[in-house]
Amino acid sequence: MIRIAIDGPGGAGKSSVAKALARELGIIYVDTGALYRNIGLYVLNKGVSPKDNGTVVSLLDEITLELKFQDGRQVILLNGEDKGDAIRTPEVSMAASAVSAIPEVREYLLETQRSTAKRNSVIMDGRDIGTVILPSAEVKIFLTASAEARAKRRYKELLAKGSEVSYEQVYNEMVERDKNDSTRAVAPCVKAEDAILIDNSDMTEEETCKSILKIVKKKSKVRNFYSFAKPIVAPIYRLVMRVKATGIENVPMDGGLILCANHIGAIDVISIGAVCPRQLTFVAKKELFSVPLLGTIVKALGAIKVDRGSGDVGAIKASVAAAEAGKVLSIFPQGHRFPGVDPAKTSIHHGAGLIAYHSGCDVLPVCIKIKGGRYGFLKRVEVIFGKVIKNSELGFENGGTAEYRAATEKIFNAVVEMGDYSSLPAPIPKRKGGKKR
Ligand code: DC
């Protein structure tokens with residue numbers, strides 16, 4: 001499954017580009033603006049002002065909107081009827097923009113949009129897809145163009161439909177709608193932090209499609225590798241390493257999450273990845289990226305590169321963005337491996353708390369235990385998923401090192417509490433030269 005979110009102001013060409021991409025990728029296209037337009041049309045037909053919030057909200061009880069797909073084409077039934085092009089007039093555009101600023105209207109349409117994306121691979125366009133509707137979309141694009149370029153396109157479209165509007169009218173309405181849509185209090189039209197900005201003022205539709213397709217292909221390489229490798233590698237790995245998992249039901253299936261585990265051996269991440277029902281995004285030291293084969297795998301898995309010991313701000317930002325984007329970020333608060341040491345007696349860094357504070361994401365404590373000695377064939381690896389620690393339980397007020405440290409300690413205590421270290425693996429002997437194996 002892939003979910004592609006395309007947000008941006010009116011006239012940027014989102015719908016034509018999204019339709020073409022949906023055809024190319026063989027997935028469905030969801031035009032969310034059409035949902036707001038149907039409500040706008042209903043309100044206008046009732047003779048109600050779309051700015052009269054109270055009356056608009058009371059009308060929602062009379063409306064049923066069904067979103068269907070016939071031969072891959074979206075059809076919306078407003079109280080059982082497809083309104084066709086009646087929702088495309090300039091009056092309905094302005095009404096849609098006005099009703100879309102009403103929180104109850106947005107709430108009313110939320111589940112329809114989300115549930116469609118739960119069942120299908122989609123390309124969805126709108127204003128808040130990357131920020132609110134599908135914050136964990138695999139690809140997020142913010143498509144925009146200058147107001148002049150967008151007004152010219154919209155004007156041409158309307159002329160072709162036989163409409164008698166003037167360019168000035170189209171331009172002025174576009175600017176007003178931009179303002180409404182981007183400054184409203186709820187779910188304004190803004191670029192998601194992790195969305196890729198494309199300004200297509202000087203691009204053709206074909207060029208815009210090509211550049212988005214390139215981004216989609218690059219992203220799906222990572223996903224394909226994971227979804228191709230996991231069903232093959234994970235069962236073999238689980239068998240050989242005798243991986244036992246408990247608490248899988250504690251893993252939330254959607255939304256950004258920070259997974260924090262104790263670190264025993266180099267393959268902890270594989271042990272967790274082999275049993276975790278969601279794809280992990282992990283942070284890997286930069287040296288790993290240049291190891292032959294391993295480097296290729298680490299890159300293909302979409303790992304975040306960190307320059308350890310240099311206070312790598314870029315890696316922190318990328319980690320926060322990954323969690324905010326709805327991914328499962330896997331972190332080892334101990335910073336490096338502690339084979340054979342009770343985690344309760346090790347020191348921890350405060351990165352997990354820092355990332356939790358900035359991303360606002362919840363945290364999943366995970367404890368790894370190895371029975372019967374060090375990692376190796378026929379040892380038993382146990383991965384225990386603990387209960388989610390809500391971000392609000394981490395005691396953040398204004399941020400700062402002391403808060404990050406206290407939060408990381410709370411998280412790591414939850415990890416430690418799940419462990420029974422009476423059968424810890426023997427410490428790994430040091431090689432000549434002092435390096436651990
Ligand atoms: O994309 P469009 O022009 O058909 O959208 C019509 C209006 O609906 C737009 O001015 C703002 C609103 N809208 C929204 O608020 N959120 C969306 N996801 C899609 C549209």
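Order of listing sets the numbers, starting from 1, for every ligand and every atom in it.
- In this model, a donor atom of one side chain and an acceptor atom of the other lie less than 3.5 Å apart for Arg106 and Tyr36.
- For Glu164, the salt bridge (charged side-chain N to carboxylate O under 4.0 Å, His left out) criterion is met by no residue, not counting sequence neighbours.
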Show me, pair by pair, the donor-acceptor contacts under 3.5 angstrom made by side chains of residues 137-146, not counting sequence neighbours?
from, atom 1, to, atom 2, distance (Å)
Glu138, OE1, Arg3, N, 2.8
Glu138, OE1, Arg3, NE, 3.3
Glu138, OE2, Arg3, NH2, 3.2
Lys140, NZ, Gly130, O, 3.0
Lys140, NZ, Pro135, O, 2.7
Lys140, NZ, Asp194, OD1, 3.1
Lys140, NZ, Asp194, OD2, 3.2
Ser146, OG, Ala149, N, 3.1

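- Residues that satisfy the ring pair (Phe, Tyr, Trp, His ring centres under 6.0 Å) test with Tyr167, not counting sequence neighbours, are Tyr155.
- Salt-bridge annotation for Asp31 and Arg88: present, with a side-chain N of the basic residue lying under 4.0 Å from a carboxylate O of the acidic one.
- The immediate protein surroundings of ligand 1, defined as residues with any heavy atom under 4.0 Å of it, consist of Thr32, Gly33, Tyr36, Arg37, Ala96, Ser97, Ser100, Arg106, Gly126, Arg127, Asp128, Ile129, Arg177, Asp181, Arg184.
- One finds the CE atom of Met124 at 7.0 Å from the OG1 atom of Thr32 (value rounded to the nearest 0.5 Å).
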